[in-house]
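In what follows, a structure is listed as structure tokens, so that the remarks can point back to it.
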Amino acid sequence: MFFLQILIVLLLVVAAVTTLVVQSRSDRFQGAKDRSVAAAEAFAHSPGLVDVLRSPHPSAVLQPLTEDARKRGGVDFIVVMNRQGIRYTHPKPQEIGKHFVGTIKPSLHGHVTIESVHGPLGNEVQAVVPVTDAHGAVVGLVSSGLKVRRVSSAVDRQLPLVLGAGAAALAVATAGSALANRRLRRQTHGLGPAEMTRMYEHHDAVLHAVREGVVIVDADQRVMLANDEARRLLGLDPNVEGRPVADLGLAPRATELLTSGRVATDEVLPVGDRLLAVNNRPTDRGGGPPGSVATLRDSTELLALAGKAESAQSRLRLLYEASVAIGTTLDVQRTAEELTGVAVGWFAEYVTVDLAEPVLSGEEPPSRSFRGEAPELRRVALAGIRENHPLYGAGESHRFPTTTPMATGFVTGESVLITDVRAADDWRAQDPERFELVVNHGCRSLITVPLQARGVMMGVANFWRTRERPPFEEGDLSLAEEMAARAAVCIDNARRYTREHAMAVTLQHSLLPRGLPEQNALDLAHRYLPAQTGVGGDWFDVIPLPGARVALVIGDVVGHGLHAAAMMGRLRTAVQNFSTLDLPPDELLSHLDELVNRIDQEAVVADEDAVVAGATCLYAIYDPAGGVCSFSRAGHLLPAIVHPDGTVQFPELPSGPPLGLGGLPFEAVDLRLPEGSSIVLYTDGLVEDRTRDIDSGMRTLATSLGHPGRTPQETCEAVLGALLPDRQRDDIALLVARTRLLEPDHIAEWDVPSDPAAVADARAKISQQLTRWDLDESAFTTELILSELITNAIRYATGPIRVRLLYDRTLICEVSDTSSTSPHLRYAADEDEGGRGLFLVSQLAQRWGTRYTPEGKIIWAEQGIGGPLL
């Protein structure tokens, strides 16, 4: 900067000297011209000159006169010549008679000619003036000239003074520049011109690029600076600098704030349709110039950005709520209702979910079988801000017309955004009645999103907005798709679970009793409720036994799923098979426990876990002839005995280990029950769940059972009403049996001596008893059967022999003895004398068999009443 200033001063001095020299040269030339013209004009107009020119010897007369005039006029020469340019006079006599050096033609026409030539005397400025007679005719010419250098002597004397003044000015400028440069470097902290330039350019670019307006006002309330953002926010002209703030046309409040110089912090200032946040500070606090600087921010745009951010946050919050609220259950309809519940209100005024019929039963809709037409759908969920609406109600089945957005979304598998429903002309044309109802209700905008997962199209979700809210936009479409995608996956999971659960329940029901057998010993009622979250291994059974007895069975395989259901079926089949042996309850459970042990061992050999450990069972046999019920249990819950007066008792039965553990024997307990008592068998799902312990459940069960006079069906309803949980997570099996007693006159028994002769007497008693029962048509068959059974007992058994007849749904003949040897059916050869008795019994009776008692055995035969002989 310093050298630049010195160079500028030097250039100024040089320019001044050069200008002076040029000016002086111009002045010398002008002076020489003026003196030449004056001398020539004066001599050309001298009196008598014309006559001398016409005389014979003009040179002799004119030569002395021109030399005298030349000397007096201060010119270098005065030359008189004729029209041909021949000199008559010249300072050098030898030049007389020669041609004039210069231009004479213009002067011959009466003009004065001035020119610079190189003549005999050197470089000269000469003037040629015409000499005219009284008639104006040119008769001769006069030329006068002067060397230019003769005029420059004064300027040459002034040139040293000019150069000295320039040198002095240069010295003063150098000293001043040095001082200014020193102070400038101190003020700029040593930054050079390049750095200062870059800093200024950077500051200027930043000042005009920031999204914050800056206005600097001086002490005279004039705008010193306003950046681009300030001009945009305040609506200022580009050339606003230097103008008074009051002349900018701003609102009074804005003008007052910018000119007041007061401190303002984030003061909201309305300017047109904008709200500006203004900060104002004075500039003279740190020793700066008086004035103020104001910064302006457009809070309108900030509010808009804040609104967008809040909208985005609300959408994220809605997605989070949807991810938490949708899919809490494995129920198709409940999942659809969760989607509508999340989206209604905040996102849309009405939300509906329509699913294909197969989805509700757990099946997949036929893939792309609709051929451009949406299949019949069922509206499984609907939520809205008002009850009165023109939309299909929940539970209704419908088929959307082909051109509707709903059908388009289902067929194409792509979402459909209808910003203005009134513009959907295709929909209006195909379904005008429904379309007008929707539009007249105020429905303004629609988003239809298909519900599909794993490539399975299950239905559509529809989101409606009314005129009370802005229409849907592209951002809303992505949000709706996110929610629908979440719901579709959950609905598909629920659908698959529904299908698998239905299959498991079907399997489970196929393994349970399809109906209760006909018998007269008990009045029966039962309930079986599979778990909502998966089938289990609970089961019950009612098995008729010989002698009008009935076996009651209830059991539970720990765990859930198809494996538990299949294992339950195996155990139920095993119990039925073991019951044909007519075993006591404790022995039957021992056989069942051994079977479970074998199954577990097979699992171990197959390198699998033991899957049956934890199964429980309770087996009871009720005999209506004496009202005695024999119980034995393998880890199962105690039965409840409800006496005719309503008293509830949980008898203390020995608790054997669960099936499959082995090592401990099972015990049986006989209880004599009054007629009309109820035996209640149940599984743990009835009395225990996550919100209730088993002791509380047993107390509630006792309370619900303690009402006399109820039928078994009424008892089942009362128990389930009191104990059924809201969310059933385990199977529930309940069996209620009210006891009956066989009529005393339908029982006949007597002892038979161990003598073959007593057979005839027994036959007579049998005939008499059957006559009293009006069964004379069965007398012959019964006598033959009992004769064979009594004869075998007398021949092969020891001890007392006893005969009993039971008249129930069938006629039952029993012969008991103290022997533990069971007879076997065989075919006798032609030459054998015996061996045909049991063959005849098997042919005459419907069933026959042997059961063992603590005292021996009983051989029994059962025959239909009024049936044919064979």
Side-chain angles (χ1 to χ4, degrees), residues 20-159:
L20 181 60
V21 172
V22 172
Q23 184 64 36
S24 65
R25 181 180 179 183
S26 177
D27 291 343
R28 290 197 303 271
F29 182 82
Q30 185 66 34
K33 183 183 70 171
D34 292 343
R35 290 170 65 180
S36 299
V37 171
E41 286 281 358
F43 199 88
H45 291 86
S46 298
L49 180 59
V50 175
D51 294 336
V52 174
L53 290 174
R54 290 176 178 175
S55 67
H57 301 285
S59 298
V61 178
L62 294 176
Q63 176 66 20
L65 294 176
T66 57
E67 285 299 312
D68 183 58
R70 176 183 66 81
K71 295 177 181 178
R72 291 178 180 276
V75 296
D76 290 336
F77 68 90
I78 297 177
V79 175
V80 180
M81 67 195 85
N82 58 14
R83 288 178 56 87
Q84 288 77 30
I86 302 299
R87 300 189 187 99
Y88 291 142
T89 63
H90 195 276
K92 293 180 178 182
Q94 63 270 20
E95 297 295 328
I96 296 174
K98 295 182 180 181
H99 281 282
F100 177 75
V101 179
T103 304
I104 63 174
K105 187 175 181 178
S107 298
L108 294 176
H109 296 285
H111 301 291
V112 177
T113 303
I114 300 172
E115 60 182 346
S116 178
V117 298
H118 184 76
L121 300 179
N123 289 328
E124 299 170 323
V125 174
Q126 62 184 14
V128 179
V129 177
V131 179
T132 59
D133 58 8
H135 301 288
V138 177
V139 295
L141 300 172
V142 178
S143 174
S144 177
L146 183 67
K147 295 183 179 64
V148 177
R149 58 182 178 81
R150 290 185 59 191
V151 188
S152 61
S153 58
V155 176
D156 294 338
R157 291 192 300 269
Q158 296 176 358
L159 185 58

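- Counting non-hydrogen atoms of neighbouring residues, nucleotides and ligands closer than 6.0 angstrom, the NE2 atom of H109 exceeds 12 such neighbours.
- Remark: side-chain polar atoms of Q63 are paired, donor with acceptor, to backbone N or O of H90 under 3.5 angstrom.
- For the pair V139/L49, no side-chain contact is recorded, criterion being any heavy-atom separation below 4.5 Å from C-beta on.
- Closest approach of I86 to G97, counting heavy atoms only: CG2-O, 3.6 Å.
- The distance from the OG atom of S116 to the NZ atom of K33 is 12.0 Å, given to the nearest 0.5 Å.
- With hydrogens and angles disregarded, a donor-acceptor distance shorter than 3.5 Å links the side chain of S107 to the backbone of V128.
- Of all heavy-atom pairs between I78 and T66, the closest is O-CB, 3.7 Å.
- Atom OG of S46 is separated from atom CG of L62 by 9.5 Å, given to the nearest 0.5 angstrom.
- Of all heavy-atom pairs spanning V50 and T132, the tightest one is CG2-O, 3.5 Å.
- Side-chain atoms of V101 and Q126, non-hydrogen and from C-beta on, never get closer than 4.5 Å to each other.
- In terms of modelled atom types and a separation under 3.5 Å, the side chain of S36 and the main chain of V125 share a donor-acceptor contact.
- For S143 against A40, the heavy-atom pair with the smallest separation is C-CB, 4.5 Å.
- With hydrogens and angles disregarded, no donor-acceptor distance shorter than 3.5 Å links the side chain of R87 to the backbone of V80.
- L141 places none of its side-chain heavy atoms less than 4.5 Å from the side chain of V79.
- One distance of note links CZ of R83 with CD1 of I104; it measures 9.0 Å at 0.5 Å rounding.
- What you find for S59 and Y88 is that their closest heavy atoms are OG-O, 2.8 Å.
- In this structure, P93 and P91 approach most closely via the heavy-atom pair CD-O, 3.4 Å.
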